[in-house]
Visitor: 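My questions will all concern the structure given below.
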2 protein chains.
Amino acid sequence: MTVVPGPNKARSGVTLRDIAEKVNLSVSAVSMALQDHPRIGSDTRLRVKGMAKTLGYVPNSAARALRVRTAGAIAVIVPNTSQHVFGHAYFMHVLTGVTQVANEKDAQVIISTNPDESHGMAAYERVIRSGSVDGAIVTSAAVQDNNIGDLVSSGIPVVLVGRFPYFPEAVSVGVDDEAAAYAATEHLILAHSRTSLLHLSGPLDHQSAIDRRNGFIAAADRHGIVAEVVLGDYSEDSGRVAVEAIHTIRHTVDGIFAANDEMAFGAMTRLAELGHTVPAQISIIGFDDFGLSRVTSPSITTMHVPVEEMARLATERLFGLIAGDTVTPQDAHAILPVTLVERQSCGC
Amino acid sequence: MTVVPGPNKARSGVTLRDIAEKVNLSVSAVSMALQDHPRIGSDTRLRVKGMAKTLGYVPNSAARALRVRTAGAIAVIVPNTSQHVFGHAYFMHVLTGVTQVANEKDAQVIISTNPDESHGMAAYERVIRSGSVDGAIVTSAAVQDNNIGDLVSSGIPVVLVGRFPYFPEAVSVGVDDEAAAYAATEHLILAHSRTSLLHLSGPLDHQSAIDRRNGFIAAADRHGIVAEVVLGDYSEDSGRVAVEAIHTIRHTVDGIFAANDEMAFGAMTRLAELGHTVPAQISIIGFDDFGLSRVTSPSITTMHVPVEEMARLATERLFGLIAGDTVTPQDAHAILPVTLVERQSCGC
DNA sequence: CATAAATGCTTTAACGTTAAAGCACCCTCT
DNA sequence: AGAGGGTGCTTTAACGTTAAAGCATTTATG
């Protein structure tokens, strides 16, 4: 490449006007022909479409967006710094699901992270207010993120991925973390006869962490089992630290339920270093099944969260909202099933 | 949420005109004031900016794009079906790098996958021709993807991530896969005295696979080592299959260099199932270091590819191109270093 | 002190698109 | 034969923005 002169070069640049001149019609007629408007004769329509194809016409999206007041794009909003967020395989699954559906609808997907507050307004708020997108998918937000409240009440179509009891009026697609945690805990108790359980909790400003902890406690209570909760932050390292601490205090733990797989992995590797065998001495169950749990040794038994499916459904509902669907309170919140994936770390 | 009436609701909708009316100025004056045009008095400028802030003005991006003929957005093009591609952790790293830089420049990032050819034109071509983006980052394309040629010669700013000798005129950011493969192979030979090597190759329509294979062969030749290449497809399963096949043929393999970590992992687990110990009997080295290799047992020694850094650099160069930078042939292709990460699977 | 230049705004026009209204023309009724 | 209704297009206007040109008014210059 030698020279790129100025901001823009030739660049396609075929407009409706170019077509109109070639076929001797008004610009409007061409526009209508391309849209299959009934008041355009079929021969004209064919002539126009043929010419459009040979000239390689592609509608200018900015002009179209300006005129029809919809952008043909949706945003995926990740209210964190991109660094932290993309670290989670979670996001990959979300993106896969969203793009699948968006592709079907010929819509663009734009990624909006929230790098910092340097520009005063949240990055994604600007994106939305600028009209670049018709709606937004919000993922992995904290429990009471005020920006979400603003977003939802602003009337912009928004679908949340996850459970957000603080925003009952928002449309959401989530899973029943509490029931899933209950099931996982019960699996340790019933299938593996574990009697002294430890839960590695996630940060409690996220609803998923709260729900998973509550499910654990409920199951332990229900079966009258010794149970303890250690607060982690979803990181592998916090899993390591958690089992270290607990092991200086109580030596009887024989089952661990971690709120995600990374903590389970951290706990598992640290326990191995400390000379404990998993699953012989200690059963471990994780949560998420985003990839990690399948490849470790021993592989980690976990609760499979169908993120991709959640994302697909969320996106479909988003397009519904954009199209003007009305949503009644009772079907505003979709809940997808979480399933136990039995691997090695629990002893199955 | 009860009712979302019609396509669009209230939606911000503050325009320059609203501001102009409030401060009793022409729309142009307001526009100029917001841009710090020197011909606008400083008191007026402050008055306008104040009003813009209180009204919550956000420029309409479609209108702006239409007028100034730049979109303020770049595309990340992934020439595969999204399903397949997001499966690779690779893409997560690319996205992280791209969004970081794009955020700095206040640009949007749009994801453009290439679902199928159902619309005649490649999806990403439409995106670009429609003027939705000012440039594009192309990742993980096949060696001779014609679409890339079209893209590059169309004059649209494009930066390729990877090495693309077939498009010498395109700006690219890659790594020296051949040298890296040479180094990895030599590590097996020199550090671990392995004398009968097997290479699990990637699909040879990707330059990285070709280069890695060539580096392997070069190193084996250089040291007069018994070497064999088995063709894989970068999948875990192809790694499993490869070692199975090879084991019925020759029993002397004591070192494996896989073109990526997933195949290395597949080979490693299958070998374990077949009763071979890694690294005692067989040393394994992978390639990529996108996450998997660190968490397996044994962990996989691998060549670390700095994807995120590549993506950052590529994006910076893209913004350069968009701004009109000229690129001389000798600095069109950046090559970043690949480093050996010594873990357990090689015997280190 | 007349003229040139700087200052601070307004007017005009344009980016490419689309929806609505308008206008011929032909056809069908009764 | 004149009203009424299709049919096939054109004209007009608008979406929100910005760049250029225009035009007063003030300030500097010879």
Side-chain angles (χ1 to χ4, degrees), chain A residues 6-8 10-49 51-52 55-72 126 128-132 134, chain B residues 6-8 10-49 51-52 55-72 126 128-132 134:
Chain A
N8 268 343
R11 198 68 78 82
S12 169
V14 178
T15 72
L16 286 183
R17 202 171 141 187
D18 299 324
I19 301 177
E21 279 168 7
K22 291 276 186 185
V23 296
N24 255 301
L25 278 176
S26 72
V27 170
S28 298
V30 172
S31 171
M32 294 199 229
L34 292 175
Q35 295 175 66
D36 293 326
H37 193 286
R39 298 280 288 271
I40 296 289
S42 54
D43 46 342
T44 308
R45 184 173 60 236
L46 290 176
R47 218 155 35 96
V48 168
K49 288 193 174 180
M51 185 53 74
L55 270 91
Y57 170 74
V58 176
N60 179 301
S61 59
R64 179 164 219 290
L66 180 58
R67 178 64 233 232
V68 305
R69 319 188 66 73
T70 76
R126 300 200 117 254
I128 289 166
R129 305 277 299 287
S130 73
S132 319
D134 300 324
Chain B
N8 269 343
R11 197 69 76 82
S12 170
V14 178
T15 73
L16 286 183
R17 201 172 142 186
D18 298 326
I19 301 177
E21 277 167 8
K22 291 274 185 187
V23 296
N24 255 303
L25 278 177
S26 71
V27 170
S28 299
V30 172
S31 171
M32 294 200 244
L34 291 175
Q35 294 174 67
D36 292 326
H37 193 286
R39 298 278 287 273
I40 296 289
S42 55
D43 47 341
T44 308
R45 184 172 59 238
L46 290 176
R47 218 156 34 96
V48 168
K49 288 194 174 179
M51 185 53 73
L55 260 55
Y57 170 74
V58 176
N60 180 301
S61 59
R64 178 164 220 291
L66 180 58
R67 179 65 233 232
V68 303
R69 317 187 66 71
T70 77
R126 301 201 116 253
I128 288 166
R129 303 277 298 287
S130 73
S132 319
D134 300 324

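Numbers restart at 1 for each chain; the letters A, B, ... are given by sequence-line order, proteins then strands.
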Visitor: If you assign each of B:Leu66 and B:Ser26 to its closest nucleotide in DNA chain C, which residue comes earlier from the 5' end?
Guide: B:Ser26

Visitor: Got a sec? Which of residues 30-42 of chain A come in under 4.0 Å of DNA chain D, heavy atoms?
Guide: A:Met32, A:Arg39, A:Ile40, A:Gly41

Visitor: Once you round to the nearest 0.5 Å, how far does CG of A:Asn24 lie from CZ of A:Arg47?
Guide: 8.0 Å

Visitor: Does the A:Arg64 side chain pair with the main chain of B:Ser130, one donor and one acceptor, at a distance under 3.5 Å?
Guide: no

Visitor: Ignoring hydrogens, what is the shortest heavy-atom contact between A:Ala71 and A:Asp134? Give both atom names and the distance.
Guide: N-OD1, 2.5 Å

Visitor: Need two values: the first and the last nucleotide of DNA chain C, 5' to 3', having an atom under 4.0 Å from any heavy-atom of chain B.
Guide: C:dT7 to C:dG16

Visitor: I want to check something: taking the side chain as every heavy atom from C-beta on, are A:Leu16 and A:Leu34 in contact at a cut-off of under 4.5 Å?
Guide: yes

Visitor: Just verifying a value: how many Å separate B:Ile40 CD1 and B:Leu46 CG, rounded to the nearest 0.5 Å?
Guide: 12.0 Å

Visitor: Using the salt bridge (charged side-chain N to carboxylate O under 4.0 Å, His left out) rule, collect all pairs that involve residues 18-33 of chain B, keeping only residues at least two apart or in two chains.
Guide: B:Arg17-B:Glu21

Visitor: For the atom pair NE2 (A:His37) and OG (A:Ser28), what is the distance rounded to the nearest 0.5 Å?
Guide: 10.5 Å

Visitor: Less than 4.5 Å apart, any side-chain heavy atom of B:Lys49 and any of B:Asp36?
Guide: yes

